[in-house]
Structures are given as C-alpha cells and as structure tokens.
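In what follows, chains carry the letters A, B, and so on, assigned in the order in which the sequence lines appear, proteins first and then strands, with residues in each chain numbered from 1.
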Amino acid sequence: MTTRIDRRFARLKEENRPALVTYFMGGDPDYETSLSIMKALPAAGSDVIELGMPFSDPMADGPAIQAAGLRALKSGQTLAKTLQMARDFREGDDDTPIVMMGYYNPIYIYGVERFLSDAKEAGIDGLIIVDLPPEMDQELCVPAIKAGLNFIRLATPTTDEERLPKVLENTSGFVYYVSMTGVTGSALPDTNNVSAAVSRIKEHTDLPICVGFGVKTARQAKAIGEAADGVVVGSAIVAAIAQCYDDNGKRIEDPAEAVATLVKGLADGVRSRQMA
Amino acid sequence: MTAPMEPNSFRIGPDDEGMYGIFGGRFVAETLMPLILDLEKHWNAAKDEPAFRAELDHLGRHYTGRPSPLYFAERLTEHLGGAKIYFKREDLNHTGSHKINNCLGQILLAKRMGKTRIIAETGAGQHGVASATVAARFGLPCIVYMGATDVERQKPNVFRMNLLGAEVKPVSSGHGTLKDAMNEALRDWVTNVEDTYYLIGTAAGPHPYPELVRDLQSVIGTEAREQIQELEGRLPDAIVAAVGGGSNAIGLFHPFLDDRQVAIHGVEAGGHGLAGDEHCASMTAGRPGVLHGNRTYLLQNDDGQILDGHSVSAGLDYPGVGPEHSWLKDSGRVIYSPILDEEAIEAFQMTTRLEGIIPALESAHAIAHAIKLAPTMGRDQIMIVNFSGRGDKDVHTVGKMLGMEM
C-alpha cells in the first residue's frame, strides 16, 4: 500500500532533492484565511503539508505555535473543522500529502475509529501525535496503520541506539527527526550534529528522514537539506502569519501572500542543493 | 452499564505499563520518554533499598517532624454532635503541609540519579515552598513555575520561595494557574533533559510519577492507621481528604483501600457550583481524557480542549486529577463529592474558632465535607480528616472574602 507521502518522496528521490515540509496551524487566525494559506503552499514550493490541530495545552510547543493554537481556538476551530479544511483543500489538490499534527486528547474525545475514518475520507495521509510514544501504540498508531494512514514518529536526540528500533517499528511515511531537545521554534540546530544523527537513524531504516525544530531561513533550510531527506519549517511560518496583524488584530498584510513569499525563499534554499 | 468487576485488592496498581485500568499511562513526547523510563528504573531500585529508606525515614523524623499527630478535634466533634473527628496533622510538618513528604523522597532520588537542577510546578505554592526547601537543604538550584494568577493570590509563598533561593517564574498562558505552570515545567524539562530533575508535586503526570508520589505520601495513611488503632483500638469508619491533583488524598487513602469497612471520601473543589464552568470537580463533572502525560478525568469541552476551572483554593485549581483517583472512582471504592467555595470558607472559620487551628483552604474543603458527614454518623463512629496544610498562606484570601480591612 502506498500513500501520497510514499509517492511524493519517491518522486523527490527521482528529482534528487530534499523535501520542504511546511507546518501551519489549522484555523489560525480564522478558517477562511487559514484555508487560503493552505491552498497557497504547494505553488510556493511546499512538498508536504503539516496541518496543525490546535490544542489548549500544547506542552511541547514554543510561544509562536502556542499563540497560533490559541488564535485558532478563539476563532472557533475544532477537530471537525480541521478535517473539513483538508476536504476543502483536496477539491483543488489531490497530490500534495497532508499530515495532521497535534496532541492526542481532541482525537480521543472525537473517537479514534470515527476520527480515522473521517481523516481517510478527508484526504489525510499521515498523523504526527506528539504525546503518543511507541509505548502507547495501541491507542492510535496501530489502528491508524490498519486504516491506511501513515503514523510518523518523532525521533529526538534523547532517542538512543537501544530505543531507536522501538521508535521506528511502527513508523511509516517518513521519520521526523527533532533536531534538538526543547520546544518548537527554539534555536538553530548545529548542522554537524544533525548530519550525524541522520546517518545514525539511516542505519536502522530506509524511510526518508525529515529534520525540523528551529529552521527559520533559506540558508538554514539549505544546510539541513544537505544532511536530510526533508526540511520541516513550522514556527517561522506561524510567526509570519502573526506578523500580518497589528496589536489590535487588524490585518495589515495578506497572510497567504506573506507565507507564500517565505515558503518560496525556503524552497529555493532547499532546492539549491542537489543530493549527492 | 454494568458495574466493573471488583478486584481482589485495590492496592495492586499500576500495571507494568503504568495503567490503573484505563487510566494513567505515559502520554509524553518522545524526548521525555527515555527520561521517565530512567526515572522508573531508579525508583524501582531505590524504593526497597534499606539505605534509601533509612535516609528518608531519618529526614522524615528529624527534618519534617514525623510522625505527624493524630489529633482528636473535640470541640468540633461536640459542635456537630456525630462521629468523633480526628485530624491527621500534616499542617504541623516542616514547611506547613504534606508536600514535604514527597519532596524529600524525590530530592534523594534526584541526587541518586546525578541530577543537578530541580524544576517544579506549584499552585498554592505549598509544593513550590517544599521543593525550594529541599533544594536548599541539598544545595541544588531550583526553578518553580507558578501561574501568574497564583503568584498574585499566594504572595507570602512566593516570598518564602525567593528567600529559600529558588527562582519563581510566573506563567501567564491560560488562566495563569496550576495547569499552565505544569505545561511550562514540562517545556523546561523537554529542553533541559540532561541535568534536570522534574519534581512533580502531585500524584499525576506520566508513569511512574503517580505511583512514586503515592508511595512517598502513603506515610500519612500508614501512620494514621497505626495511630487510630492505638487511640481507639480499631480502624475508623470513614476517612476524608481534599483532592486537587490528589497527593494528600491518595497518601491517606492507599493504606486503607483494602479495609472494606472504612468508607473513603474524596472532596473536590465545587467552586461556585457545578452548574457552570466555575469549579474544579473533574471527577464529578468531567470525563476521561489525556493531559500532562496521563489519562484521567478532566474538565474539557466537546472538542477535547481543556477548561480552566475555578476554585478559591489555588491548590485545588486544576482541571484534572491523579489517575489512581479516576480508577478508584470508577471502581466505586472511593466516593468523590464537591464542596463549594463558601462551604470551605465556613469550615475554615469554624475550625479556626473551635479548634484554634487555621486550616489551608484545601484542607478546609475536606473539613467542610466532614461537617456534613459527621452529624449523619453515630457518636460511637470515628472519622479521620486529612488536615493537609496550615492556612497562614490563605488569611489574605479569606480576609478579603469576609470583607475585612487587609
């Protein structure tokens, strides 16, 4: 069984370049604007879309994504609406992979079986659930795989040799290597360490390795792209959306355009290096 | 719905995966997973080791002042005209609450694990003070995350922490209460994984914390069980404790769980009443969900977003509860009931006037429930209330509510 994610990475391999994976928060700052941002991503150079599901208590996120989640919830975003956003996007794009990213509780309350069937129907390809480590695979990971969705696992600097096989066991689509310990958006990772970590993970899996946490500029994207199969950018995009509004919440710039400009720059960075 | 099958013992949880039935577990980011596995390994090795136990007992006796007395509240009992009420006096512990029991155990564990930096979250500030105290005693730097709202309403405890050398970091996300402080502490831990020990203050969070904190607080129930048999020659008919996260309650309850003749009452914060959102009665009015590393009863909306809740008592102002309490509720072994802000304030005043002891607002919730229960029981019956902390920290809050000139 292949998913849009598998097909996308296979194509990128043929093109001999790494993927640009872009994260944004569904419903930030409101449904319509957020959908326009999502629709602008593929043309700007995003290869894989991570669609954030807002949660009231994002324990692994830094200030930028925390604020984005609160804005989305305030505008009335729910898990049902985030699924609807994927459906609306799919009307015009049946190729770009969509990975939903967030925390478990909204899915648990929605109902795991109902969520998986609705996600599949909405055109979702994979899930990244921050607070579900391999020890909790029976909750959602195993049912998701059965439903035909990729379950993408986070590997971190604290995931040692002994633990890595356990983390990779039920992972599919790609591996998301979190380049540092800390919350999202914190700091620029040292590319040397990233390169070593990617090599280490590659000894255990043939899956593509995407690296994220802390990538903000085209130059950084290029540097990470030298070491990995994909570069994930999240907080920088979310921050760019926030900057389109003044302190009173008045829109001073078009967020979809601002994000497109940023993503084009990042895509140029990622594509400026050809894989060896 | 059929009643769940009664287990042979209520004291056997959790299982190897850290589950109490469907509750508990390890719902944490991968970055933290190796850390909690390491913690579990060290705790399992330490807890039965005679030298570790001896050091903990020694500190309990000479630093905390254990055993804490089991005090017969004679005038309160007479006033209510029912069951004999005993207070388990955790308020007399060093630092003024039961929190020190847990902190001493965990700081010894941190030391054993070679950790050099302590972080903690706090609501009322009692756990923050206890953490800052043990950090000072063992010469480790300590950072305490505290909701900005709580910093405001628990000022005396903020000063105490500062005097003890801890850094108090106010957290302004959410409503600025315990839930938000816990989020921020987890963010710190996920960032500083190498050197940092997260000293969780309540019997919640990812496994092994609920079990670890329960074991360390069980000294309360173990002592109370011996003391009451010495004083009365038998076990009590009822025991009562307030439940926020639930560490003082599980500490009192656990040694009594298999004494079926003992009725066990947990008291939740009913705030302004259960009709609206202004309460923290997660077990009475919430439903199971996943937050802060465990599955447990939570106050949440239909989309699985966690609500903030309200209680006059900062220590009970938490939208969740320890997972073992959730399991004990569903199994029917413990009865959980809400107490309103105003009932707690009334109990606070009654205890102060009749017994000359100022209770913490958290403990006042437990006493308020005892005040309801005692008259329904016979004069020959016995009840133990966990007097979890002293109320000096709350005199401003209560004074304000009573319209006193502060």
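- Only the side chain of A:Y104 comes within less than 4.5 Å of a heavy atom of chain B; its backbone N, CA, C and O stay farther away.
- Looking at A:Q77, only its backbone comes within 4.5 Å of chain B, counting heavy atoms on both sides.
- Minimum interatomic distance between A:T181 and B:T31 (heavy atoms only, all atoms of both residues): CG2-CG2, 3.9 Å.
- Nearest approach of A:P133 to B:F27, heavy atoms of both residues: CD-CA, 4.4 Å.
- Taking B:R117 as the reference, B:D188 meet the salt bridge (Lys or Arg N to Asp or Glu O under 4.0 Å) condition, with sequence neighbours excluded.
- For A:D160, no part lies under 4.5 angstrom from a heavy atom of chain B.
- Within the 4.5 Å cutoff, side-chain heavy atoms of A:I109 are placed close to those of B:R287.
- Counting heavy-atom pairs closer than 4.5 Å to chain B, the top-ranked of the candidates A:V167, A:L73, A:V178, A:L132 is A:L73.
- When heavy atoms are compared at a cutoff of 4.5 Å, B:P288 approaches chain A by way of both its backbone and its side chain.
- B:Q300 is not listed as a side-chain neighbour of A:P106, based on a closest heavy-atom distance of 4.5 Å or more.
- Within residues 314-325 of chain B, no residue has any heavy atom less than 4.5 Å from a heavy atom of chain A.
- Only the side chain of A:M136 comes within contact range of chain B, judged by heavy atoms closer than 4.5 Å.
- Using a distance-only test at 3.5 Å, with no hydrogens or angles considered, a donor-acceptor pair links the side chain of A:N105 to the main chain of B:G304.
- Heavy-atom pairs under 4.5 Å with chain A were tallied for B:E194, B:R295, B:E17; the largest tally goes to B:R295.
- More than 12 heavy atoms of other residues, nucleotides or ligands sit less than 6.0 Å from atom CG of B:N44.
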Kindly indicate, with the supporting measurements, whether the criterion side-chain contact (heavy atoms from CB on, under 4.5 Å) is fulfilled by A:E139 and B:V290.
CA-CA 11 Å; A:E139 294 282 333; B:V290 173; 5.8 Å; no
Stepwise side-chain contact (heavy atoms from CB on, under 4.5 Å) test for B:I306 and A:F55:
CA-CA 8 Å; B:I306 311 303; A:F55 182 47; 3.9 Å; yes
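- Separating the CG atom in B:L32 from the CE atom in A:M59 is a distance of 9.5 Å, to the nearest 0.5 Å.
- To the nearest 0.5 angstrom, B:L291 atom CG is 7.0 Å from A:S56 atom OG.
- Panel note: side chain B:E30, backbone A:A155; no donor-acceptor pair is recorded below 3.5 Å.
- Interface residue A:Q66: only side-chain heavy atoms are found under 4.5 Å from chain B.
- The environment of A:E161 atom CD is dense: over 12 non-hydrogen atoms of other residues, nucleotides or ligands sit within 6.0 angstrom.
- In the displayed structure, B:D16 atom CG is contacted under 6.0 Å by at most 12 heavy atoms of other residues, nucleotides or ligands.
- Using a 4.5 Å cut-off between heavy atoms, A:P54 contacts chain B through its backbone alone, with no side-chain atom that close.
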Check step by step if side-chain contact (heavy atoms from CB on, under 4.5 Å) holds for B:M33 and A:T156.
CA-CA 10 Å; B:M33 201 56 221; A:T156 74; over 6 Å; no
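- Closest heavy-atom contact between B:P34 and A:R163: CG-CD, 3.8 Å.
- The local environment of CG in A:D30 is crowded, with over 12 non-hydrogen atoms from other residues, nucleotides or ligands closer than 6.0 Å.
- There is no contact between B:L307 and chain A, counting heavy-atom distances below 4.5 Å.
- Contact record, B:D303 with A:L79: OD1-N, 3.0 Å, taken as the closest heavy-atom pair.
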